[in-house]
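Since the model is a prediction, treat every value here as computed from it, not as a measurement. Here is how names work: the chains are called A, B, and so on, in the same order as the sequence lines, proteins then strands, and each is numbered from 1.
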Amino acid sequence: SQQGEEDPQALSIQEGENATMNCSYKTSINNLQWYRQNSGRGLVHLILIRSNEREKHSGRLRVTLDTSKKSSSLLITASRAADTASYFCATAFTGTASKLTFGTGTRLQVTL
Amino acid sequence: DTAVSQTPKYLVTQMGNDKSIKCEQNLGHDTMYWYKQDSKKFLKIMFSYNNKELIINETVPNRFSPKSPDKAHLNLHINSLELGDSAVYFCASSQASNSGNTIYFGEGSWLTVV
């Protein structure tokens, strides 16, 4: 399966702490994206990192990509209760840029 | 103002029935998708259309038939519903790009087959 896998499956932290989620995949990619899904809602795009990029920032989000290890990480700094959601990585494999394959997701719980 | 809208949001139906889910996007995108999310939150692509043409058709039973009357609409018709079809179905759209597509999702349609 080309599906990515997130680690951990679930993460519980306190507000103000940092949250780190990891994603691993199996084949060469064109790009990797992270999405957030609030309970009962659709997925929302957070950030896209291309295969020739190593790090990208967007507000409190920091994404890294290591193509040699076929892995990516999403760091959320100074977490807030509103960050509580499931986070998915999605990979567009080389030659199939229009098809995103989603990982299994990390459920993040941020408590006050 | 909803970018990708799908109806109905909730659908409860009996086994064997036929049902449709409609989807419309007002983003001007040329590519639309149907994804299925099961009870374990696993999200899998079912179909993708680009300018009304089918470009991705994953291993999906032929009871599922997508229809794209124009590039802003992609409907999903399901025949002879089975218990295992119970899931959340997400419509999505994107603008084709060689550098990577950002996908915009609808809010989902919760299908329960009883």
Under 3.5 Å, which donor-acceptor pairs do the side chains of residues 83-93 of chain B form with other protein atoms, sequence neighbours left out?
| unit_1 | atom_1 | unit_2 | atom_2 | d |
| --- | --- | --- | --- | --- |
| D85(B) | OD1 | R63(B) | NH2 | 2.9 |
| D85(B) | OD2 | R63(B) | NH1 | 2.8 |
| D85(B) | OD2 | R63(B) | NH2 | 3.2 |
| D85(B) | OD2 | E82(B) | N | 2.8 |
| S86(B) | OG | L83(B) | O | 3.1 |
| S86(B) | OG | V113(B) | N | 2.8 |
| Y89(B) | OH | D85(B) | O | 2.6 |
| S93(B) | OG | H29(B) | ND1 | 2.8 |

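Comparing S86(A), G40(A), G105(A) by heavy-atom pairs within less than 4.5 Å of chain B, the highest count is held by G40(A).
If you chain together hydrophobic residues whose side chains sit under 4.5 Å apart, L74(B) and I45(B) never meet in one group. In the hydrophobic clustering of this structure, L46(A) groups with I13(A); members are Ile, Leu, Val, Met, Phe, Trp, Tyr whose side-chain heavy atoms approach within less than 4.5 Å, directly or through other members. I78(B) and M32(B) fall within the same hydrophobic cluster, where Ile, Leu, Val, Met, Phe, Trp and Tyr residues are linked whenever their side-chain heavy atoms come under 4.5 Å apart, directly or through other members. With hydrophobic clusters built from ILVMFWY side chains whose heavy atoms lie under 4.5 angstrom apart, I47(A) shares a cluster with Y25(A).
The minimum heavy-atom distance between F102(A) and F42(B), with the atom names listed, is O-CE1, 4.4 Å. When every heavy atom of H45(A) is checked against every heavy atom of I103(B), the shortest pair comes out as CB-O, 4.3 Å. Taking every heavy atom of both residues into account, F88(A) and Q37(B) meet most closely at CZ-NE2, 3.7 Å.
Only the side chain of K9(B) comes within contact range of chain A, with heavy atoms under 4.5 Å apart.
Screening residues 57-84 of chain A for salt bridge (Lys or Arg N to Asp or Glu O under 4.0 Å) gives E55(A)-R62(A), R60(A)-D83(A) as the qualifying pairs, with residues at least two apart or on separate chains.
A distance of 13.5 Å separates CD of Q9(A) from NZ of K41(B), quoted to the nearest 0.5 Å.
Judged by distance alone, with hydrogens and angles left aside, the side-chain atoms of Y33(B) form no donor-acceptor pair with the main-chain N or O of L100(A) at under 3.5 Å.
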